[in-house]
Amino acid sequence: MQLTPGTYRQVGVLAAIAVIAGLADWRVGVATAVAVPLVIWFHRDPDRDPPAEGVLAPADGRISVIDHTAEHTRIGTFMNVTDVHVNRAPVEGTVTAVTHRPGANRPAFSKDSDRNERVEIVIETDDGEVQVILIAGWFARRIHPYVTEGQRVARGERIGHISYGSRADVVLSGGDEPAVQRGTRVQAGESVLIDRR
């Protein structure tokens, strides 16, 4: 099973804690050891097969936000703890900015999450800018972008991951009609959010 970068370090730390804690109290050691496979499962990183066209979902989960006007379209995907948390490029283009913005850590499904810590990735395409916003949740404290300014990305390419729950938004200029509704389940790099044929 492919895992996100840094997972083995987390597993190693947990395993060491389990051994040390187990020397003091075997119950604490067992409880800590049980967390190891959960960490591995949470950081799994399966391959995906992007369709030929359309703006793709950047995250696994359920659509929790749709803000569609004549000027822009914003679609947010809430990632539950059971979802894969690797994020993927919704479009092909060149990364023009990767910006970290500190903030709160409210639940990612709440309206207050608009003030949460985030990483904003701007991708320049032939059809204009597309913004991917990786938003930390109440438990998630780490957003790990994989891309840098000036890098070329393909549709469905891995662009980062968020540890332990959160939300990923896609923002496009123009009045593109969403191909999903609130509550729709999507998969990063495979599900089409906006059908551009």
Quick one: pull up CG in L172 and CD1 in I75 and give me the separation to the nearest 0.5 Å. 7.0 Å
Single-linkage hydrophobic cluster V86~V153, side-chain heavy atoms < 4.5 angstrom: no
Are H72 and D67 packed together at the side-chain level, in the sense that at least one heavy-atom pair is separated by less than 4.5 angstrom? yes
Taking C-beta and beyond as the side chain, do D169 and V132 meet within less than 4.5 Å on heavy atoms? no
Heavy-atom side-chain proximity of V186 to V180 below 4.5 angstrom: yes
Within this structure, what is the CG-CG distance for the pair D195 and D176, rounded to the nearest 0.5 Å? 10.0 Å
Atom CZ of R118 and atom OG of S166: how far apart are they, to the nearest 0.5 Å? 11.5 Å
Any non-hydrogen side-chain atom of N87 less than 4.5 Å from a side-chain atom of P145? no
All heavy atoms of P50 vs all of G156, minimum pair found to be CG-CA, 4.0 Å
Counting only heavy atoms not in Q181 (residues, nucleotides, ligands), do more than 12 fall under 6.0 Å from its CD? no
Determine whether R48 and D60 make a side-chain contact, defined as any pair of heavy atoms from C-beta on separated by less than 4.5 Å. yes
So which atom in I123 and which in P90 form the shortest heavy-atom distance, rounded to 0.1 Å? CD1-CD, 4.3 Å
Non-hydrogen side-chain atoms of R167 and V65 separated by less than 4.5 Å: yes
Are any of the side-chain heavy atoms of L134 and M79 separated by less than 4.5 Å? no
Rounded to the nearest 0.5 angstrom, the CD1-OG1 distance for I159 and T148 is 12.5 Å
Is there a side-chain contact between V147 and V98 in this structure, where contact means two heavy atoms from C-beta onward sitting under 4.5 Å apart? yes
Pair D83 + R44, salt bridge at N-O below 4.0 Å: no
Might you point out which heavy atoms bring G160 and Y146 nearest each other, and give the distance in Å? N-CD1, 3.5 Å
On a heavy-atom basis, the closest approach of G189 and L56 is O-CD1, 3.5 Å
Measure across A59 and T77 and return the closest heavy-atom pair with its distance rounded to 0.1 Å. O-CG2, 3.7 Å
Do V55 and I66 share a hydrophobic cluster, counting only Ile, Leu, Val, Met, Phe, Trp and Tyr and linking them when any side-chain heavy atoms are less than 4.5 Å apart? yes
Could you go step by step and tell me if E129 and S173 meet the side chain to side chain contact (heavy atoms under 4.5 Å, CB included) rule? CA-CA 7 Å; E129 279 188 357; S173 58; 5.9 Å; no
Judged by atom type as modelled, is there a donor-acceptor pair below 3.5 Å linking the side chain of R62 to the main-chain atoms of G183? yes
Do I63 and V130 land in one hydrophobic cluster if side-chain heavy atoms of ILVMFWY residues count as linked below 4.5 Å? yes
Please check if V171 and I135 belong to a single hydrophobic cluster, counting links between Ile, Leu, Val, Met, Phe, Trp and Tyr side chain heavy atoms closer than 4.5 Å. yes
May I ask you to check whether H144 and H161 place their ring centres under 6.0 Å from each other? yes
Run the side chain to side chain contact (heavy atoms under 4.5 Å, CB included) test on E177 and T73 for me, step by step, so that the C-alpha distance in whole Å, both residues' side-chain angles and the decisive distance to 0.1 Å come before the verdict. CA-CA 8 Å; E177 189 72 33; T73 301; over 6 Å; no
OG1 (T125) and CG (D127) are apart, to the nearest 0.5 Å, by 4.5 Å
Applying salt bridge (Lys or Arg N to Asp or Glu O under 4.0 Å) as the test, list every pair that has at least one member in residues 151-162; sequence neighbours left out. D45-R158, D47-R158, E92-R152
Should H100 and E117 be marked as a side chain to side chain contact (heavy atoms under 4.5 Å, CB included) after you check the CA-CA gap, both sets of side-chain angles, and the distance that decides it? CA-CA 8 Å; H100 174 262; E117 179 182 355; 2.8 Å; yes
Which heavy atom of I194 sits nearest a heavy atom of V192, and at what distance? O-CG1, 3.3 Å
Who pairs with D25 by side chain to side chain contact (heavy atoms under 4.5 Å, CB included), at least two apart in sequence or on another chain? R27, V28
To the nearest 0.5 angstrom, please state how far the CD atom of Q151 sits from the CD1 atom of I121. 9.5 Å
Could you tell me whether E120 and R101 have a side-chain N and a carboxylate O separated by less than 4.0 Å? yes
